[in-house]
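Note that the coordinates shown come from a computational prediction; the quantities given were computed from them, not determined experimentally. Quick note on labels: first sequence line is chain A, next is B, and so on, each numbered from 1.
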There are 2 protein chains.
Amino acid sequence: MDSEIALALRNKGCKLTPQRKAIIEVLSGSEEHLTAADIFARLRDKQPGIGLVTVYRTLELLQENGLLCEVHIGNSCRSYLKRRSDGHHHHLICRGCGRVVDFTGCELDSLQKRLSQETGFKIEKHLLEFMGCCSSCLDGRED
Amino acid sequence: MDSEIALALRNKGCKLTPQRKAIIEVLSGSEEHLTAADIFARLRDKQPGIGLVTVYRTLELLQENGLLCEVHIGNSCRSYLKRRSDGHHHHLICRGCGRVVDFTGCELDSLQKRLSQETGFKIEKHLLEFMGCCSSCLDGRED
DNA sequence: TATTAATTGAAAATTATTTTCATTTAACAT
DNA sequence: ATGTTAAATGAAAATAATTTTCAATTAATA
């Protein structure tokens, strides 16, 4: 029973290898954002022979196909998260536990239009992330 | 006649070395966002003996003191820009020439409050950047 | 079951960043 | 002006992150 992400990948004509399945499983099973190295570490048991290169390549592939989200705020610069919301959304990230909450309603469209008009830019994308500390981490004095 | 950034740095009790001045000059003279390596390359003439380490260290120092802005969208993950707007502002970045336009009025405060209430997070910061192509780059078919 | 293009892993290469440490120097006080 | 000193520098090495190369393997299809 392959995950939605896995199926989407096969629909794009990509091979569904055990390595890819394992990487997708790790991402699917996590509410945190994970770097390539994080994912690699979590694969030690499930898929011992896997190479870090494959993790990088798979992340790139999934990213290209819009099957996961890239997170920029945080310790390491780039980390990844399964895509949980279909539409346009953004992230609120806990710096304590790494948990990510999706949110919509950024209402940046009107801002984007305004900026476009004022500057003559053709705006292609935007990056919006909030970072803070979630209530469990606040309670646990992981502050 | 030292720049505002340089003076601010000295007011913080930091030494105003020729290396730091040169780095600040490069940043001050650029409307693009620059990586440590970019800055290092531009110092070849002005300050030939300088080490890349010093560039890294100076960027960190300036960043710590809020004297420049960090940019995340782009080829390399982290690059820097002189701080041109005093208050809270964000960036619109041209992926063609790297030129950065500051803008205000993101109106994320109300969104931030809403998110805080809905999630129980203590929100500490946010990252908002727009990326696109500026009119000159559009004209020049650098598209 | 055979075929084949896609995928993998190992190793090396590249790039980015940080640490260490001996030497130099800006800022300040004579 | 000159001496003092903590801060800053540069070289080199260490570490970390990412990409490339290439021969071997394998998932998907016929």
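Nearest-nucleotide positions on DNA chain C place A:R20 closer to the 5' end than the other of A:R20 and B:T17.
At least one donor-acceptor pair under 3.5 Å links the side chain of A:R83 to the backbone N or O of A:S85.
Nucleic acid contact class of A:R10 (heavy atoms, under 4.0 Å, all strands): sugar-phosphate only.
One side chain, A:T35 or A:D38, offers a donor N or O that lies under 3.5 Å from an acceptor on the other.
Computed from coordinates, the B:F40 CZ to D:dT9 P distance equals 14 Å when rounded to whole Å. Between the C1' atom of C:dT7 and the NZ atom of A:K21 lies a distance of 14 Å, rounded to the nearest Å. One atom, CG of A:D38, and another, P of D:dA17, lie 9 Å apart when rounded to the nearest Å. In this entry the distance linking CZ of A:R57 with C1' of D:dT26 reads 14 Å, nearest Å. Between the CG atom of B:L59 and the P atom of D:dA8 there is a distance of 15 Å, given to the nearest Å. Here the P atom of nucleotide C:dT23 and the CD1 atom of B:I50 are 21 Å apart, to the nearest Å. Following rounding to the nearest Å, B:Q47 (CD) and C:dT25 (P) show an atom-to-atom distance of 12 Å. Atom CG of B:L43 and atom P of D:dT9 are 12 Å apart (whole Å).
Relative to the side chain of B:K15, the nucleotides C:dG9, C:dA27, C:dT7 differ in distance, and C:dA27 lies closest. The side chain of A:V53 has C:dA11 as its nearest neighbour among C:dA11, C:dT7, D:dG10. Nearest nucleotide to the A:Y56 side chain, out of C:dA26, D:dA17, C:dG9: D:dA17. Among the nucleotides C:dA27, D:dT18, D:dA8, the one closest to the side chain of B:L16 is C:dA27.
A salt bridge does not link A:E64 with A:K12: none of the charged nitrogens is closer than 4.0 Å to a carboxylate oxygen.
If you look at A:F121 and B:F130, their ring centroids are not closer than 6.0 Å.
Contact annotation: B:Q19 does not reach the phosphate of C:dT25 (side-chain N/O to OP1 or OP2, under 4.0 Å).
For A:E107, the CD atom is loosely surrounded, since the number of other residues' heavy atoms within 6.0 Å does not exceed 12.
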